[in-house]
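Every value quoted in this text rests on a predicted model; they were computed, and no experiment measured them. Reminder, nothing fancy here: chain letters follow the sequence lines and each chain counts from 1.
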Amino acid sequence: MSESNDKMNYEDVMKLALERGFYFPSCEVYSDAQAGFWEYGPSGVSLKNKFLELWRRELIRRDGMLEIDGSQIMSKSVFEASGHLGNFADPIIRCTKCRSTFRADRLIAEISKIDIPESADLAEFDNAISQNNIKCPKCKSDFEKTRKFNMMFRVGIGPEEEEAYLRPETCQSIFVDFPRLFKTMRGKLPLGIAQVGKSFRNEISPRQSLLRLREFYQAEIEVFCNPSRLDVVEKFAEIQDTVIRVQTDSAPVAMTCKEAVESKVIPNKFVAYYLGILTEFYEKTGIDISKSRFRKLGEKEKAFYAQVAFDFEVETTIGWLELVACNYRSDYDLSSHANKSKEKFEVMDDEQKVLPHVFEISMGIDRSLYTILEHSIREDKENERIVLSVKPYLAPVHVGVLSLVKKDGLKEKTDEIFIGIKRKFDAFLDHSGAIGRRYRRLDEIGAPFAITVDHQTLEDDTVTIRSRDSMSQDRIKTSDLDSLLSKETSFP
RNA sequence: GCGGAAUUAGUCUAGCUCGGUAUGACGUCAGCUUCCCAAGCUGGAGGCCGCGGGUUCAAAUCCCGCAUUCCGCACCA
């Protein structure tokens, strides 16, 4: 890459997304469209599908995990057991005058130094506020009564509107399905169970398109393990020399997985193994790994169910973005569901009956796709073009099929070549306009190749194939197109 | 949710002060031209000016409400 190739920012990605069909606001023709909902267009869907195929290859198949597809609406009991009905709700207070909203527990703690657990009875907050004479910090007025704001979307099922919820994370189906899956799929610990799907959170202020949505995609992996065998990991050898970047305090430090375990930065080989294969996966997405870190979360930052937590974050032009939450959830989930449902969640491992612990790799797909776009898009000023230099196997379009000119039978020959490859590859046929313009369009959606039919094609059945990044062209036989494209666009 | 700014075609934008149904560019489509990198020529499509209400003979323009977007704050599993 020469120095004229400039990296681009959030605005540039947004513009590309709108103009080229990656993503755009949901319901935009109606004025009552709600914030926090976005649609993927054709280019976005194609990128997402390929990203998920890579995820399946690099994590699911590599580790022999099971993938399921659960319901998005789940019953009240699930979330009573999971703790989301109690803990996913914040006690909030609103000023009667300026209508500013605050977290009741945090404001009380800040002003009067009294710690009230956020799950406490609402009256406790009201009492503390009146006894300590707490007023709105902005306008000094009184507060309304404390109320709970739960970030789950409630839905009513059937004519009686039975209480149920849109899942706030996909993994709860994995936990409740675990006993059946372990039995019927002949499970053995450690066992990874994965799921891709939508989750729903009623965010107070959704922002920045794909980065904080109310309806979003997660790809979650829950690895069930025997907590006494966290350092007995045969596969560890595969990734012991893989370099990961870990940040425990001020700055990320690059180290191999082996070093991370030996220096106790990562608590055990089991966790290190998964952080290792996750890093290898993200390297293959084309995200710049030198701008990544596993940030170890402090006590206050961790989710209510997590014992140890690392966030996989990547630096972008709008700051560090959390792409994956890696949580060691211990037996929090399985024991909660066991207690609530009275089902047995213990399994046999090595002649020992255990209630498995869970290590979770909870990936935000939308944010990952944004980051891939931002790290791939560049302005090639020398050639006056925007190029999306994504990995060929992730490109929304693999190849453009162009006629140099429309006449003299070139159009027909081009159509014929297009028909020959369009089922196997994401190919885009284009006859209209100047050839340079057509190349530019393909550059913007990241098509790694363009094949062009010219007069010589009619004579010797060869075409030129142009590479997106170098703009250089080679002449090849049409009979070699299939094998060349297969090789160049295949997953690593 | 609070404060500030904004919202005009696929994208960017002029017009708003001082009311008379909208400007330009890029893009897009068709044709001509051109055998290789956003060229040129001709022609076309595309806007209830974010939504709703008010004032007025008349509203993109003035007033009110709402929504969305962006920037801060707060929140963020």
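The nucleotide whose nearest atom lies closest to any side-chain atom of A:Gln208 is, among B:rC71, B:rU28, B:rC37, B:rC71. The side chain of A:Glu203 has B:rC76 as its nearest neighbour among B:rC76, B:rC70, B:rU11.
Whole-Å rounding puts the A:Asp443 CG to B:rC37 C1' distance at 9 Å. Between A:Arg212 atom CZ and B:rG1 atom P there is a gap of 15 Å when expressed in whole angstrom units. Atom-to-atom, CG of A:Leu210 to C1' of B:rU69 comes out at 14 Å; the value is rounded to the nearest Å. Put simply, CG on A:Asp380 is 13 Å from C1' on B:rA38, counting in whole angstrom units. For the pair A:Arg20 CZ and B:rU11 P, the interatomic distance rounds to 12 Å; values are reported in whole Å. Straight-line distance from the CG atom of A:Leu442 to the P atom of B:rG27: 16 Å, rounded to whole Å. For A:Arg440 and B:rC26, the CZ to C1' distance is 15 Å, given to the nearest whole Å. The CZ atom of A:Arg214 sits 18 Å away from the P atom of B:rC75 (whole-angstrom rounding).
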What does the list of N/O pairs under 3.5 Å between the protein and nucleotides 44-52 of chain B look like, with a distance for each?
unit_1 : atom_1 : unit_2  : atom_2 : d
B:rC51 : O2'    : A:Ser31 : OG     : 3.1

Legend entry - Protein proximity profile, nucleotides 29-36 of chain B - base contact B, sugar-phosphate-only contact S, no contact -, cut-off 4.0 Å on heavy atoms: SSS--BBB
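For the pair A:Leu18 and A:Gln34, both in contact range of RNA chain B, the more 5′-proximal nearest nucleotide belongs to A:Leu18.
Look at the C1' atom in both B:rC66 and B:rG20: the space between them is 28 Å, to the nearest Å. Rounded to the nearest Å, the gap between the P atom of B:rU69 and that of B:rG54 is 28 Å. Comparing the C1' positions of B:rU8 and B:rC49 gives an interatomic distance of 4 Å, to the nearest angstrom. To the nearest whole angstrom, the two P atoms, one in B:rG24 and one in B:rA30, are 24 Å apart. B:rU21 and B:rU56 have their C1' atoms separated by 15 Å, with the value rounded to a whole Å. Comparing B:rC63 with B:rG10, their P atoms are spaced 28 Å from each other, to the whole Å. Between the C1' atoms of B:rC75 and B:rC29, the separation comes to 47 Å (whole Å). When the P atom is compared between B:rA9 and B:rA22, the two are found 15 Å apart, to the nearest whole Å.
Between the side chain of A:Arg438 and the backbone N or O of A:Ser403, at least one donor-acceptor pair lies under 3.5 Å. Remark: the backbone N or O of A:Ser389 is not paired with any side-chain donor or acceptor of A:Arg378 at under 3.5 angstrom.
Among residues two or more places apart in sequence or in another chain, the salt bridge (charged side-chain N to carboxylate O under 4.0 Å, His left out) test is passed with A:Arg385 by A:Asp380, A:Asp443. Under the salt bridge (charged side-chain N to carboxylate O under 4.0 Å, His left out) criterion, A:Asp426 pairs with A:Lys50, sequence neighbours left out. Looking at residues two or more places apart in sequence or on another chain, you find a side chain to side chain contact (heavy atoms under 4.5 Å, CB included) between A:Leu458 and A:Leu410, A:Lys413. A search for side chain to side chain contact (heavy atoms under 4.5 Å, CB included) contacts involving A:Arg475 returns A:Asp454, A:Gln456, A:Thr462, A:Thr464, not counting sequence neighbours. Residues meeting the salt bridge (charged side-chain N to carboxylate O under 4.0 Å, His left out) test with A:Lys411, sequence neighbours left out: A:Asp415.
Listed by first and then second residue, the salt bridge (Lys or Arg N to Asp or Glu O under 4.0 Å) pairs that reach into residues 68-87 of chain A are A:Lys76-A:Glu80, A:Lys76-A:Glu163, A:Glu80-A:Lys340, sequence neighbours excluded. Pairs engaging residues 323-332 of chain A under the salt bridge (Lys or Arg N to Asp or Glu O under 4.0 Å) rule: A:Glu169-A:Arg329, A:Arg329-A:Asp333, A:Arg329-A:Glu360 [sequence neighbours left out].
Taken together, the paired segments of RNA chain B that extend over three or more consecutive Watson-Crick or G-U pairs, each closer than 3.5 Å at both contacts, are B:1-7 with B:67-73, B:10-12 with B:24-26, B:28-32 with B:40-44, B:50-54 with B:62-66.
Using a 4.0 Å heavy-atom cutoff across all strands shown, A:Glu220 reaches no nucleic acid atom at all. Among the heavy atoms of the strands, none lies under 4.0 Å from A:Ala325. No contact: A:Phe24 has no heavy atom under 4.0 Å from any strand.
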Run the side-chain donor-acceptor check on residues 314-326 of chain A: report pairs under 3.5 Å with partners two or more places apart or on a different chain.
unit_1   : atom_1 : unit_2   : atom_2 : d
A:Thr316 : OG1    : A:Ile318 : N      : 3.2
A:Thr316 : OG1    : A:Gly319 : O      : 2.8
A:Thr317 : OG1    : A:Tyr10  : N      : 3.3
A:Thr317 : OG1    : A:Glu374 : OE1    : 2.9

Would you list the atom pairs, donor with acceptor, under 3.5 Å between side chains in residues 191-202 of chain A and any protein atom, with sequence neighbours excluded?
unit_1   : atom_1 : unit_2   : atom_2 : d
A:Gln195 : OE1    : A:Gly70  : N      : 2.5
A:Gln195 : OE1    : A:Arg167 : NH1    : 3.2
A:Gln195 : NE2    : A:Thr170 : O      : 2.8
A:Gln195 : NE2    : A:Ser173 : OG     : 3.2
A:Lys198 : NZ     : A:Glu215 : OE2    : 2.8
A:Ser199 : OG     : A:Thr170 : N      : 3.2
A:Ser199 : OG     : A:Gln218 : OE1    : 2.7
A:Arg201 : NE     : A:Pro168 : O      : 2.8
A:Arg201 : NH2    : A:Pro168 : O      : 3.1

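We find that A:Asp430 and A:Arg441 are joined by a salt bridge, their nearest charged nitrogen and carboxylate oxygen being less than 4.0 Å apart.
Note on A:Arg438: every side-chain N or O is 4.0 Å or more away from OP1 and OP2 of B:rA38. Between A:Arg437 and the phosphate of B:rG27, there is a side-chain N or O to OP1/OP2 separation shorter than 4.0 Å.
Using modelled atom types and a 3.5 Å distance limit, the side chains of A:His357 and A:Ser330 yield no donor-acceptor pair.
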